[in-house]
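It should be emphasised that the depicted structure is a prediction, and the values quoted were computed from it without experimental measurement. Proteins get letters first, then strands, A, B, ... in listed order; numbering begins at 1 in each. Just the heavy atoms: all of them, side chains too, but no hydrogens, waters or symmetry mates, feed the values below.
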Amino acid sequence: MTQPDPHPIGFCASSFWPHVVACLLVGVTAVLLCFGAMVTTYDAAMAVPDWPATYGHNMFLYPLADWFYGPWDLFLEHGHRLLGAAAGLLTMALVGVAWWGEQRRLVRGLVAAAFLLVVVQGVLGGARVLLDDRTIAKVHACTGPLFFAVTIAIATLTSRWQGNATSQPSDSLALRRLSALLLVSAYVQLVAGAQLRHLDAAIDPLTFRMLVVLHVAGAALVTGLSMAVCACAWGQQFMPALSSRCVAAGEERSSRVSGATPAIWATVILLLVLCQIALGAGAWIVSWGIPAGWFGDSLVAWIPTEPIVARSVQSAAIVTGHVVVGMLILGVSVVLAIASGSLEGLEDSFGQRSEAHA
Amino acid sequence: MLATPMHLAHHVLALPIQSANCLTAIGRQVSRLAFLLLSTLVLASVIGCGATPPAYFRHNMVESTKQRLNSDQERQVATVLLAMFGTPDHPVALAETGLDESKLHLAAGPVRSDIVGRKNGLYREHCAHCHGITGDGLGPTAAFLNPYPRDYRPGVFKFKSTERADKPTQADLVRILHNGIAGTSMPSFALLSETKIEALAEYVKYLTIRGETELALIRAFFELDDDAKGTLPETREFLVEETLAPIAAKWQAAPAAAIPVPPIPTNIDLVASIAKGRELFYGDKANCVKCHGVTGLGDGQANDYDDWNKVIVEADKEIRSGTEQASQASTAGMSPEQLADHRLQLVWLEKFHQVLDGDALTPRTIPPRNLRQGIYRGGRRPLDLYYRIYAGINGAPMPAAKGTVPPEDIWHIVNYVRSLPYEFDGLLGADRPMVAPDRF
């Protein structure tokens with residue numbers, strides 16, 4: 001009988017190049033998502049009416065001066081396309097280095113998923129332009145964060161830190177479950193937000209109201225989960241007795257060491273969520289005004305409001321910041337899920353599948 | 001070995017195993033609850049991903065139902081409007097409207113750039129989520145706002161430089177778009193180019209003329225004689241010359257209807273002018289105190305509606321009284337014709353009720369302005385305040401001082417109103433001198 005691997009998702013020396021490429025990909029994807037968010041904020045998706053060409057030029061050969069000094073919408077949309085192409089090329093490079101230098105099936109599977117997602121995302125982006133369809137834009141906005149989450153997972157799993165410091169999965173079943181739930185909730189909340197961001201004026205008001213309720217409920221869920229995860233992670237840190245598997249003194253010590261990282265990540269998430277709530281309220285106000293319809297007339301008369309300047313840098317920063325912080329919450333949730341051992345089950349299933357194939 | 005803070009915290013905070021098991025159980029329950037909520041969230045998100053509905057002009061169902069139009073007649077109105085005004089994506093402007101089609105095309109349609117990189121679809125980008133595709137003030141975000149976004153279709157505008165019953169000038173619309181409306185959700189579009197703001201103002205006029213024409217056509221059924229058999233005459237004479245042209249003519253006549261503004265009196269200093277304005281504010285002629293209150297906080301008469309909400313309130317009253325009458329009517333002694341009429345009435349009441357539920361927002365009263373905030377919706381220039389006081393606010397209970405207060409004296413009221421946000425707080429106390437005791 002073989003002994004189970006004590007480091008099921010640990011670092012190995014051959015992960016160096018996959019890790020470097022994955023980190024580059026995470027960086028490019030982060031900028032790409034910021035550009036994508038700006039494109040939606042300024043409603044600039046149709047600034048370039050053709051695809052994959054840009055006003056008849058090959059995308060990569062479009063005159064630099066025309067792009068840089070052209071209309072703002074064109075700058076955003078063409079920049080988004082160039083960054084998308086860069087992300088696609090980096091993903092292909094990642095496939096190459098992971099194929100030759102990475103043995104773990106989970107990481108290979110994630111790299112394959114990243115490749116699939118980047119291809120789908122490119123096609124969706126093109127279809128959104130060619131068909132001028134906001135529904136496709138919504139799907140495009142949902143696939144982007146998913147790709148980002150996958151790239152972060154790859155970068156985390158291939159890191160030396162992940163291999164050495166937190167290879168011991170969390171002892172707390174509750175923390176593992178809550179982390180996984182928080183990860184999924186953060187993503188679903190981005191999906192719900194994408195529905196509101198790509199609002200079509202022709203939408204039925206009742207559907208809009210339902211989407212608002214949904215997004216607010218999602219915010220409450222993510223806030224609640226992030227607080228629960230934070231409490232659970234710090235509880236595990238200071239009270240290892242919470243863990244049902246923690247019996248022997250030696251195990252207690254290892255649990256404390258591995259528990260520190262989830263607690264820090266959970267705290268970061270909680271802080272980001274609090275920031276996100278403020279940004280969300282601000283994004284609503286700069287987009288659609290103070291929701292004074294919720295208040296009585298007597299209260300409304302006392303709200304002194306100066307007109308908000310539409311399309312100002314401040315309002316664009318608030319709205320785009322709300323999306324970007326949402327992405328950050330998702331990204332850190334991925335790291336937390338890995339650090340707390342939520343992917344353990346996934347790793348096992350990959351392993352079992354490979355054994356079955358063998 | 002020195003104890004680390006974590007060790008210390010562990011020893012201090014360590015709980016008995018029983019408590020730990022209890023907390024773990026709570027964690028599981030939280031997980032299950034969160035999973036249920038998450039499933040609901042996912043399902044609902046999928047609903048939001050549904051196909052985008054095509055943009056179309058909504059029929060004015062409230063007026064149409066009020067005038068008891070049948071579905072054939074509603075279709076006839078829609079067909080005529082389609083021929084005269086086109087669609088939200090492809091607007092048409094007949095020469096009689098005086099509208100510039102090139103500006104309309106810049107503002108209409110979906111948001112996209114044309115072949116020279118010029119952005120089209122400005123109305124849908126900036127306005128439609130509140131004012132609606134049709135300009136009926138029923139955009140998806142409308143219900144969240146207070147005051148509600150303007151419904152252009154009756155052709156009534158509040159803040160303008162023309163007489164109360166007249167249309168605003170192009171410059172008035174541009175000014176509102178440029179400055180926004182303080183105290184409401186209407187933002188300032190000062191960062192848009194002049195061309196874009198002009199295009200938006202033109203499109204607002206287009207939606208208004210279309211809405212007014214629709215109202216005129218709906219009401220025209222009421223005046224048809226028996227020979228017409230419930231069908232509108234589809235002649236150019238009726239549709240364009242008798243219906244559209246008079247509406248468009250009012251818009252074209254707007255610049256000539258500008259309010260005459262006398263020069264600001266120079267033979268009186270500001271303090272004396274403010275004192276005189278205060279006298280007028282509390283006096284019988286201007287009687288501003290009736291609504292704006294003795295304190296100027298807008299706490300006077302506050303149970304009135306503006307014209308847009310009044311339509312809904314009256315429709316609601318009509319439904320209530322009709323339902324009451326119908327429920328009290330006995331069908332026992334009715335002839336077949338009366339019975340048929342009774343059933344038709346019940347069907348109509350049910351339809352009207354559904355229309356109000358779906359095509360109208362819950363009516364809200366319009367509170368008088370709190371003049372001590374220094375926020376003036378129609379603009380903060382003295383000239384803007386002069387216009388508001390002289391001509392009143394069209395569509396709102398604010399009456400015109402024209403005819404009761406001499407134009408020169410209106411400047412004194414303007415000066416007093418402008419001083420109210422800075423008036424010493426002590427004047428709000430019991431010793432307040434300006435309140436005539438015999439009036440309150």
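A/Ile285 contributes atom CD1, which lies 9.5 Å from atom OG of B/Ser185 (distance to the nearest 0.5 angstrom). The CD atom of A/Glu306 lies 5.5 Å from the CD1 atom of B/Ile375; values are rounded to the nearest 0.5 Å. Atom CG of A/Asp73 sits about 6.0 Å away from atom OG of B/Ser113, to the nearest 0.5 Å.
Nearest heavy atoms, A/Ser287 versus B/His129: O-CE1, 3.8 Å. Nearest heavy-atom pair, B/Ala55 versus A/Ala202, reported as atom, atom and distance to 0.1 Å: CA-CB, 4.2 Å. Annotation for A/Pro307 and B/Asn179: closest pair CG-O, 3.4 Å, computed over non-hydrogen atoms. Counting all heavy atoms, side chain and backbone alike, A/Phe208 lies closest to B/Thr141 at CZ-CG2, 3.5 Å.
Only the side chain of A/Leu199 comes within less than 4.5 Å of a heavy atom of chain B; its backbone N, CA, C and O stay farther away. With a threshold of 4.5 angstrom between heavy atoms, A/Ser315 does not approach chain B through any atom at all. With a threshold of 4.5 angstrom between heavy atoms, A/Val213 does not approach chain B through any atom at all. Heavy atoms closer than 4.5 Å to chain A are found nowhere in B/Thr362, neither backbone nor side chain. B/Arg377 does not touch chain A: none of its heavy atoms, backbone or side chain, sits under 4.5 Å away. The contact between B/His126 and chain A is made entirely by side chain atoms (from C-beta outward), counting heavy-atom distances below 4.5 Å. For A/Asp132, the part lying near chain B is the side chain, with the backbone staying farther off; criterion is any non-hydrogen pair under 4.5 Å. For B/Ile181, the part lying near chain A is the backbone, with the side chain staying farther off; criterion is any non-hydrogen pair under 4.5 Å.
Between B/Phe189 and A/Val309, every side-chain heavy-atom pair lies at or beyond the 4.5 Å cut-off.
Most heavy-atom pairs under 4.5 Å with chain A, from the set B/Pro140, B/Gly374, B/Gly180, B/Ala190: that is B/Pro140. The choice from A/Pro205, A/Gly289, A/Ala45, A/Gly224 that makes the most heavy-atom pairs within less than 4.5 Å of chain B is A/Pro205. Between chain A and the options B/Met186, B/Arg112, B/His131, heavy-atom pairs under 4.5 Å are most frequent for B/Arg112. The candidate with the highest count of non-hydrogen atom pairs below 4.5 Å against chain B, out of A/Ala47, A/Gly70, A/Ala180, is A/Ala47.
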Assess the residue pair A/Ser312 and B/Leu191 against the criterion (side chain to side chain contact (heavy atoms under 4.5 Å, CB included)); give the C-alpha distance rounded to whole Å, side-chain angles, the decisive distance to 0.1 Å, and a yes or no. CA-CA 7 Å; A/Ser312 64; B/Leu191 296 179; 3.8 Å; yes
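Judged purely by atom type and a 3.5 angstrom limit, B/Lys119 uses its side chain to pair as donor or acceptor with the backbone of A/Asp43.
Around atom CZ of B/Arg381, more than 12 heavy atoms belonging to other residues, nucleotides or ligands sit under 6.0 Å away.
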